[in-house]
Amino acid sequence: LTMVGASLLWVGWFGFNAGSAGAANANAGLAFVNTVLATAAATLSWIAGEALHKGKASMLGAASGAVAGLVAVTPAAGFVGPMGSIVMGLIAGVVCLWGNGDDAFDGFGVHGVGGILGAILTGVFASQSLGGTGGLTPDTFAMGAQVWVQVKSVLFTIVWSGVVAFIAYKIADLLVGLRVSEEAEREGLDITSHGETAYNR
């Protein structure tokens with residue numbers, strides 16, 4: 001079922017990336033193709049890395065690799081060439097595999113690391129010398145300058161997200177609290193918070 005969900009996400013992502021063009025045009029077509037290629041490449045590189053690291057690849061790893069590719073290619077979908085999207089996917093698969101840690105849902109390792117990587121690599125692979133479109137200003141595109149713009153944007157996003165999340169957590173903590181009591185946790189949240197049992201003990 002995880003693979004079914006990941007496949008549905010993959011198909012739905014075409015609307016997200018290609019639909020961002022706002023029209024059925026060459027930009028939408030490029031974004032569509034790049035979404036397919038980066039996602040496939042990330043899936044393959046994730047399971048290859050997993051096989052080298054753990055001795056075997058897994059379907060869960062393939063699903064996570066696909067999501068890593070989707071996330072990484074999103075900022076770049078309309079600006080990089082097909083070969084650039086493949087390279088981005090290959091890099092994203094192994095970097096996001098490395099980025100996974102104790103997060104139960106691989107949320108930061110896939111979405112955080114993949115998003116940061118994709119945003120920065122957009123500045124590289126949007127270069128016309130690497131098959132990209134040159135971004136919104138192809139006549140004045142400079143890879144170094146664009147990478148710096150991308151890095152600054154990533155840093156701003158990290159700071160903004162951290163500050164806003166901290167404020168939101170503090171407000172939630174004051175109003176309703178962020179944790180249940182130890183007793184409620186021991187008894188189980190299904191019973192204490194929802195008044196029902198999800199599993200037989």
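For the numbers below, each heavy atom of this structure counts, side chains included, while hydrogens, waters and symmetry mates do not.
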For the residue pair [X] and [Y], what are the closest heavy atoms and their distance?
| X | Y | result |
| --- | --- | --- |
| A63 | T2 | CB-CG2, 4.1 Å |
| A28 | A23 | CB-O, 3.3 Å |
| A31 | G78 | CB-N, 4.3 Å |
| V71 | V110 | CG1-O, 4.1 Å |
| V36 | W10 | O-CZ2, 3.8 Å |
| L30 | P82 | CD1-CD, 4.2 Å |

Side chain to side chain, V151 and W148, heavy atoms closer than 4.5 Å:
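They are in contact (side-chain heavy atoms under 4.5 Å apart), so the answer is yes.
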
Would you kindly confirm whether [X] and [Y] end up in one hydrophobic cluster when ILVMFWY residues are joined by side chain heavy atoms under 4.5 Å apart?
| X | Y | answer |
| --- | --- | --- |
| I86 | L130 | no |
| M143 | I116 | yes |
| V33 | L121 | no |
| M88 | I120 | yes |
| L97 | L70 | yes |

Check: [Y] main-chain N/O paired with [X] side-chain donor or acceptor under 3.5 Å:
| X | Y | answer |
| --- | --- | --- |
| Q146 | F141 | no |
| T133 | G135 | yes |
| N34 | V73 | no |
| S45 | A42 | yes |

What's the separation between atom [atom1] in [X] and atom [atom2] in [Y], rounded to the nearest 0.5 Å?
| X | Y | atom1 | atom2 | result |
| --- | --- | --- | --- | --- |
| N27 | F32 | CG | CZ | 15.0 Å |
| I171 | F166 | CD1 | CZ | 10.5 Å |
| W46 | S64 | CH2 | OG | 4.5 Å |
| T197 | I191 | OG1 | CD1 | 4.0 Å |
| W13 | T35 | CH2 | OG1 | 9.5 Å |
| L178 | Y169 | CG | OH | 8.5 Å |

Inspect the surroundings of CG in L136 and state if more than 12 heavy atoms from other residues, nucleotides or ligands are less than 6.0 Å away.
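Open: at most 12 neighbouring heavy atoms sit under 6.0 Å from CG of L136.
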
Are more than 12 heavy atoms from other residues, nucleotides or ligands located less than 6.0 Å from atom CE of M3?
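Yes - once you tally the heavy atoms of other residues, nucleotides and ligands closer than 6.0 Å, there are more than 12.
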
Relative to the ring of F156, is the ring of W160 parallel (under 30°), tilted (30 to 60°) or perpendicular (over 60°)?
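It falls in the parallel class, under 30°.
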
Trace of the side-chain contact (heavy atoms from CB on, under 4.5 Å) decision for H111 with V67
CA-CA 8 Å; H111 291 275; V67 176; 3.8 Å; yes

Go through W98 and V94 one step at a time and tell me if the side-chain contact (heavy atoms from CB on, under 4.5 Å) criterion holds.
CA-CA 6 Å; W98 166 83; V94 294; over 6 Å; no

Check step by step if side-chain contact (heavy atoms from CB on, under 4.5 Å) holds for L117 and I91.
CA-CA 9 Å; L117 182 71; I91 295 169; 3.7 Å; yes

Go through V113 and F108 one step at a time and tell me if the side-chain contact (heavy atoms from CB on, under 4.5 Å) criterion holds.
CA-CA 6 Å; V113 172; F108 184 77; 3.9 Å; yes

